[in-house]
There are 2 protein chains.
Amino acid sequence: MSKSKQQEADAATGLSEESDNEVGDFIREQRERANLSLRRLAERAGVSNPYLSQIERGIRNPSAEILKRLSRALEISAETLYTRAGLIEDGPAAPTVVEAIESDRNLTPRQKQVVLDLYRALVEAGAAADEASE
Amino acid sequence: MSKSKQQEADAATGLSEESDNEVGDFIREQRERANLSLRRLAERAGVSNPYLSQIERGIRNPSAEILKRLSRALEISAETLYTRAGLIEDGPAAPTVVEAIESDRNLTPRQKQVVLDLYRALVEAGAAADEASE
DNA sequence: AGCTTCCGCTTGCAATTGTTAGCAGCTTGC
DNA sequence: GCAAGCTGCTAACAATTGCAAGCGGAAGCT
């Protein structure tokens, strides 16, 4: 239910920028994608849950240290997060999926093969569907 | 006369580590290489000179925003500075694969979810099963 | 001698961060 | 019903950032 209260919070703190809350939105997005509750992510990242809440809503401006911890807890690269936060100008080169999987240390060669097979299959199917529909 | 001020400063702030002040040293190094006085760099970067002084000596921990401004004023890449600041050490987990999949243009959101699910499942449960079978 | 201007640093002080404690809502089980 | 368990959010507080003001010293200029 609770949905639109962000603006009030902004006004309350005197924060004049309600325009683009890139980091907060991005963090919340990633958090929900990973199926983590706010509290759980906060604990994983080693920050307090109210603070994380405020970060996500853009009424607090987290330090780089905090961003780093959050990026680790979310399993995304700090560069991506910083870029999103507008702290780095150019975007980091997006690694290809294949490349990333190849160099991953958490998967055995066999497992890599499985993921790669799935990925390639989807891409191929998707491309076909794409051409047909688009 | 003036001799050991750094120690005093450290003691004053309770900072016990005089060993690795990565960012500060690096910034000072770059500043001197560019023949900029502390005050001039501070002005260029939009930071107060006392604060920059403290940053260089490692008795203050600058926010990412400040680092970004300094990197611009020094005309070095923010990434380099962040790395030097120890803020970009990428996590040991597996950030790149997740990230690469997220930003892949060949997959639909739904397909991404499928691949991600598989990947996460393998990483999480994979180690044990792997050791058993292999 | 003065006087000016730069250098880096120290000292308080305001504003911000980040925390602990607690609130209301919403499920799930007794 | 109503405890116990989550969810996210608010309030008051401690700690830190970041700044304006001011210090002593060095170099130049009249």
Side-chain angles (χ1 to χ4, degrees), chain A residues 1-17 21 23-25 27-73 85 87, chain B residues 1-18 21 23-25 27-71 73 85 87:
Chain A
M1 291 300 194
S2 55
K3 269 195 176 164
S4 53
K5 288 190 165 188
Q6 284 86 339
Q7 274 78 358
E8 295 177 26
D10 280 350
T13 55
L15 232 182
S16 41
E17 303 290 294
N21 166 27
V23 215
D25 286 344
I27 290 176
R28 177 158 294 191
E29 203 175 296
Q30 294 303 310
R31 173 172 68 79
E32 290 176 345
R33 200 183 283 275
N35 273 326
L36 284 169
S37 77
L38 192 149
R39 277 188 146 93
R40 278 181 59 73
L41 173 58
E43 189 169 359
R44 269 173 71 104
V47 299
S48 69
N49 63 80
Y51 191 45
L52 176 55
S53 169
Q54 289 163 322
I55 290 170
E56 287 190 350
R57 284 175 299 150
I59 69 181
R60 282 287 216 280
N61 175 279
S63 71
E65 174 61 29
I66 300 290
L67 285 181
K68 175 183 159 197
R69 290 197 225 153
L70 286 172
S71 73
R72 270 220 212 117
L87 295 170
Chain B
M1 314 316 199
S2 51
K3 268 197 177 175
S4 53
K5 314 180 184 177
Q6 317 242 2
Q7 272 79 357
E8 294 178 26
D10 282 349
T13 56
L15 229 182
S16 43
E17 301 291 290
E18 87 256 277
N21 166 26
V23 215
D25 286 344
I27 290 176
R28 176 159 293 190
E29 202 175 297
Q30 294 301 311
R31 173 172 69 79
E32 291 177 344
R33 208 167 57 77
N35 273 326
L36 284 169
S37 78
L38 192 149
R39 277 187 144 95
R40 280 182 60 71
L41 173 58
E43 190 169 357
R44 271 173 68 107
V47 205
S48 73
N49 65 80
Y51 191 46
L52 177 54
S53 169
Q54 288 163 322
I55 289 171
E56 286 189 350
R57 285 176 297 151
I59 69 182
R60 282 287 215 281
N61 175 278
S63 73
E65 174 62 28
I66 301 289
L67 285 181
K68 174 184 161 197
R69 291 195 224 156
L70 286 172
S71 74
L87 293 172

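First the proteins, then the strands, lettered A, B, ... as listed; each starts at 1.
- Rounded to the nearest 0.5 angstrom, A:N49 CG and A:L38 CG are separated by 6.5 Å.
- In this structure, CD1 of B:I59 is placed 19 Å from P of D:dA15, rounded to the nearest angstrom.
- Contact detail for A:R31 and A:L41: the closest heavy-atom pair is CD-CD2, 3.6 Å.
- Put simply, CG on A:L52 is 14 Å from C1' on C:dT17, counting in whole angstrom units.
- Looking only at atom types and distance, the side chain of A:R57 has no donor-acceptor partner in the side chain of A:Q54 under 3.5 Å away.
- Ion pairing between a basic and an acidic side chain is recognised when a charged N comes within 4.0 Å of a carboxylate O; A:E43 and A:R39 show no such pairing.
- A straight line from CD1 of B:I55 to P of C:dG8 spans 14 Å, rounded to a whole angstrom.
- Proximity note for B:S37 (side chain, C-beta onward) versus C:dC7, D:dC9, C:dC9: the nearest is C:dC7.
- Taking 4.5 Å as the limit, some side-chain heavy atom of A:I27 sits within range of a side-chain heavy atom of A:I55.
- Atom C1' of nucleotide D:dG5 and atom CG of A:L38 are separated by 17 Å, given to the nearest angstrom.
- Distance A:L41 CG to D:dT7 P: 12 Å, rounded to the nearest Å.
- The distance between atom CD of B:E32 and atom C1' of C:dG8, rounded to the nearest whole Å, is 11 Å.
- One atom, CG of B:N61, and another, P of D:dA15, lie 17 Å apart when rounded to the nearest Å.
- As a whole-Å value, the separation of A:R31 CZ from D:dC9 C1' is 12 Å.
- Between A:P62 and A:L67, the shortest heavy-atom distance links the atoms CG-CD2, 3.7 Å.
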Q: Sugar-phosphate means primed atoms, P, OP1 and OP2; the rest is base. With that split, encode nucleotides 19-26 of chain D 5' to 3' as B, S or - using protein heavy atoms under 4.0 Å.
A: BBBB----
